[in-house]
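Below is one structure, written out as structure tokens; the observations come after it.
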Amino acid sequence: MDDVIDRALNGAELAGAGYADVRVVEARDQMIEVKNRRVSALQEGASSGIGVRVLVDGAWGFAAAAELSGAAAESAARLACRVARAAARHRREPVVLAPLPAVTARYATPVTVDPFDVPLADKIALLQEATAALEREPAVKVARGGMQFWEERKRFASTAGARIEQKVVHSGAGIAAWAVGPDDVQVRSYPNSFGGHYEAAGYELITRLDLRGHAAETAATAAALLAAPPCPAGETTVILDGSQMSLQIHESCGHPTELDRALGHEANFAGTSFLAPDQLGALRYGSACVSIVADATAPRGLGTFGFDDEGVPAQKVDLVRAGRFVGFLTSRETAGRLGQTSNGTMRAESWSCIPLIRMTNINLEPGTWTLDDLLADTDDGILMATNRSWSIDDKRYNFQFGTEVGWEIRHGRRGRLLKNCTYTGITPDFWNRCDAVCDISDWEIWGTPNCGKGQPMQVMRTAQGASSARFRGVQVGVGYGR
Amino acid sequence: MLEEALAMSAADHTEVLLEATRGSLTRFANNQIHQSVTAENHVLTLRATVGRRSGMASTNRLDSSALRQVADRALALARLSPEDPELPEPAPAAEPPALEAFVAATAASDPEGRAAAVGPVLEAAAASGFEAAGALSASSAAIAIANTRGLFAYQPETSARFTCTVYGGDSSGWVDRHRRDLPALDTERLGRIAVDKAERSRDPSPFEPGPTTVVLEPSAVAELVSFLAVLGLGAQSEQEGRSFLAGRIGERITGERVTLVDDAYDPRGFGRPFDFEGTPRRRVTTIERGIARAVVHDRRTAARAGVESTGHAGHPPATEGPLPASLVLEPGDLSLEDLIASTARGVLVTRFWYNRVVDPRRTLITGMTRDGTFLIEDGRIVRGVRNLRFNESVLGVLERAEAWGREAEPTVFDDAGLCVVAPALKVRDFCFTGVSPS
């Protein structure tokens, strides 16, 4: 494989590249879905190829090929240079990369049990038992359980001398029950929606989740939601559980702090950002109890790795410190615009895609409250849990979220179950309404397996660490007005 | 190659799907080309069936050794899989209707040509004091399906897209067109549409949310209609009782003016004449003059319902079951200008963004306007307004549509494998629920 890499880099330099990097990726995945005890998906995939990124005359070019041969690598390098040369004719400013020491290194996700070594029969049996337990609830008409596993072996090399090998493993699983009534459908998921919970880990995660043990309560809640009163409309105190906080962070902090968005690179598709470089250190993003970091070194996160796809080492950096906006997610190209070095967030979905700035693990630092104490301290409000719906504008200002479940909070106690819970807000106003964040006992690093960005669109797996948090004066019950 | 893969399988039945793709995209932002890419791939997916058990494996290596590995792995997965009493047999051999979907000029697109096509757009935006961002893309693909019952289906196809946002300060405009034929995309003319919208939406004023008459351009209509595909026009969700159509076939579910057909053969769309089981696609009228008529089927749901597959099997593993792929909303006879001219006070919406399901049974969707939202007064566009959040039922919107455009545009939803051909609509009492500061 070193020969393939060398021929790609040499080919790029011979074709005029001032800089080139190469990723050779061999990936495999496994997906199992059981629906109403039937195996509805059982699939394994393997994909390998080479992606060559070059700078010619100050413009980027990228080409990718599925064939892992020296000839194909050279051909991809030449094509990437041709693509870059065409782009350079319409380049206002040349790309300048922030400096980066060349390293030779290896990294592997710490895995206790390789998920690809676990017998398939065991995985299917677990999902069948869990979905059978969901189906024992008569109102549940659709009982789903699923697992997914990904392994990516990646070699990165650049004309600047970098040589990095990484093996990253991600695992995930979950169950969900759909209760169907005469004029209503309600869903309840465990441990999260979007197919469950995902981590940079092995099969030990699946064992820890105990899907069987949570099935009965999951199904019972789905059924109870059919008869539950709807979320009232109005302004109230809201406590969001950690999984919903995860998506709140992803959409309203993670995306707007991507520097390529703020610089307009994504203006046509993913959008721009309400955050601008001249607001660094000045904008009051949230209340004093809001501190958010991008931490690619955090254990178990889907955004955890050794090096990003530019060869920049994984880092932990501040985005929001005690409510103040202090940092962007950056690349070598964009960091240089701020006079900084990259904080290492460039990732590509596969060998066939160019790397983009992507969230790593965007973590809300834990506060000081236990969830029980926070509930006891809340006289009137709603506890909302597990995302069901999410939408936010292209500058990441105006958002609306819906959750699978809610509970009234009355006089410090959790009360009636509520269905169809929604809330809306404007990002900095909302985060300034945060007056309490729960402590590490309630904190989890939640995986998001489906973050879309870029053209052609790439899907990335990211994570957000969060515990439950409280927000005052939030507009709830929106959307059902008609 | 497909025959070689079939021959390597020791399963009772084997199906092979080969997808070969070549995609190129010239991406621009800040009035310069900033990311241009080209990639080729080919993925072979093999499903092995043993009795009532099946397993699936895929690879992007196509040498004999890799084909052998994928055939053996799919067979191993099948043997490990539990029995599936409803597992359908592979589709029988059939002759799908011919559908011309390949344009040589699109397949031959090169980076120099795309850069030249984009250049005038960048210059026009800069000349007006704006920034342009977007992409010009061209892709070609060959899809082939074969199985051990003698089926063989093959389709070469191309697609091209120009999408462009022009923005600056407090305003923006957008244009987006999908065609099979890259040269049919007049990027310079299209770019001027985006520049014009950005010009006209300068200094946007706040707009009080609430029920509002709206004129929705075709892309905005397509965004809403696309949700009907996933929320209930496929047989699986209908059979599970989750669909908004469950138990309502034959009932009036929306306005009498509404006819929605899944038609792979509509020349404006991006249909394919067979599905991912190789079954020829049929034209299916899902809603006819407001009455729910039918859902689309694959072989599994069809057998369950006692009907024949309509040719709508999804891409493996198709966990959502059969889904529409080529929806066409029947247009009317008015121009977009007619719709605007007939509006005493309302809002013109260029596009919706980040639309998500709030309540599936009610077809309730939320999302934002973006890149060209205008106030209409006395039949004229008078100024831009700040972007608005909506919460609306798709069936309710179609029920309240008062006037229908005649020009229907295709919008392709790549991630859903769906194209929606839709006209502009004028809709009363459209429910805006919030406003963005931008």
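Every chain is numbered from 1 and lettered A, B, ... according to where its sequence line falls, protein lines coming before strand lines.
- Distance alone, capped at 3.5 Å, is enough to place a donor-acceptor pair between the A:Ser389 side chain and the B:Val357 backbone.
- Proximity of B:Arg362 to A:Asp184: side-chain heavy atoms (C-beta onward) are separated by under 4.5 Å at one or more points.
- In terms of heavy atoms, B:Asn30 sits closest to A:Leu263 at ND2-O, 2.9 Å.
- In terms of heavy atoms, B:Pro82 sits closest to A:Val39 at CD-CG2, 3.4 Å.
- Side-chain contact between A:Leu42 and B:Leu77 is present, with heavy atoms from C-beta onward closer than 4.5 Å.
- Two residues are said to be in side-chain contact when any heavy atoms from C-beta on lie closer than 4.5 Å; B:Ile33 and A:Arg91 fail this criterion.
- Remark: the backbone N or O of B:Ala57 is not paired with any side-chain donor or acceptor of A:Glu44 at under 3.5 angstrom.
- Looking at B:Thr366, both its backbone and its side chain come within 4.5 Å of chain A, counting heavy atoms on both sides.
- The one candidate from A:Met31, A:Lys35, A:Arg144 that meets the side chain to side chain contact (heavy atoms under 4.5 Å, CB included) condition with B:Thr319 is A:Met31.
- With hydrogens and angles ignored, the 3.5 Å screen pairs no side-chain donor or acceptor of A:Asp393 with any backbone N or O of B:Met368.
- Heavy-atom pairs under 4.5 Å with chain B peak, among A:Gly402, A:Gly264, A:Ala41, A:Ser352, at A:Gly264.
- If you measure heavy-atom distances from A:Glu251 to chain B, the contacts under 4.5 Å come from the side chain alone.
- The shortest non-hydrogen separation linking B:His42 to A:Ala66 is NE2-CB, 3.9 Å.
- A:Arg92 contributes no side-chain N or O that, together with a main-chain N or O of B:Asn31, makes up a donor-acceptor pair within less than 3.5 Å.
- For a residue to count as touching a neighbouring chain, one of its non-hydrogen atoms must lie under 4.5 Å from one of that chain's; by this rule A:Glu266 touches chain B with backbone and side chain alike.
- By number of non-hydrogen pairs under 4.5 angstrom with chain A, the leading residue of B:Ala74, B:Gly119, B:Gly55, B:Gly113 is B:Gly119.
- A salt bridge is defined here as a Lys NZ or Arg NE, NH1 or NH2 lying under 4.0 Å from an Asp or Glu carboxylate O, and B:Arg61 with A:Glu67 fails to meet this definition.
- Within the 4.5 Å cutoff, side-chain heavy atoms of A:Ser48 are placed close to those of B:Asn60.
- Contact count versus chain B (heavy atoms, under 4.5 Å) is highest, among A:Tyr397, A:Trp351, A:Trp390, for A:Trp390.
- Between atom OG of residue B:Ser393 and atom OH of residue A:Tyr480 there is a gap of 11.5 Å, rounded to the nearest 0.5 Å.
- Interface residue A:Leu356: only side-chain heavy atoms are found under 4.5 Å from chain B.
- Per-residue heavy-atom pair counts under 4.5 Å with chain B were compared for A:Ala59, A:Ala84, A:Ser47, A:Ser40, and the maximum is reached by A:Ser47.
- The closest side-chain heavy-atom distance from A:Glu33 to B:Pro317 is not below 4.5 Å.
- The residues B:Glu112 and A:Arg85 are annotated as not salt-bridged, no charged nitrogen and carboxylate oxygen being separated by less than 4.0 angstrom.
- Using modelled atom types, one finds no donor on one side chain facing an acceptor on the other under 3.5 Å when comparing B:Tyr354 with A:Gln400.
- The residue among B:Arg300, B:Arg53, B:Glu86 with the most heavy atom pairs within less than 4.5 Å of chain A is B:Arg300.
- Only the backbone of B:Val435 comes within less than 4.5 Å of a heavy atom in chain A; its side chain stays farther off.
- Considering only heavy atoms from C-beta on, A:Gln455 comes within 4.5 Å of B:Leu25 through its side chain.
- Minimum interatomic distance between B:Thr165 and A:Ala267 (heavy atoms only, all atoms of both residues): OG1-O, 3.9 Å.
- Residue A:Val180 touches chain B through its side chain alone, counting heavy-atom pairs closer than 4.5 Å.
- Within the model, atoms OG of B:Ser58 and CZ of A:Arg28 stand 13.0 Å from one another, a figure rounded to the nearest 0.5 Å.
- B:Glu83 has no carboxylate O lying under 4.0 Å from a charged side-chain N of A:Arg38, or vice versa, which leaves the two without a salt bridge.
- For chain B, the nearby parts of A:Asp394 are the backbone and the side chain; heavy atoms of each come within less than 4.5 Å.
- Here the side chains of A:Asn420 and B:Asp359 are in contact, with some heavy-atom distance below 4.5 Å.
- Both the backbone and the side chain of A:Ile392 come within contact range of chain B, judged by heavy atoms closer than 4.5 Å.
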Test side chain to side chain donor-acceptor pair (under 3.5 Å) applied to B:Thr163 and A:Asn268, step by step:
CA-CA 7 Å; B:Thr163 180; A:Asn268 174 247; 3.2 Å; yes
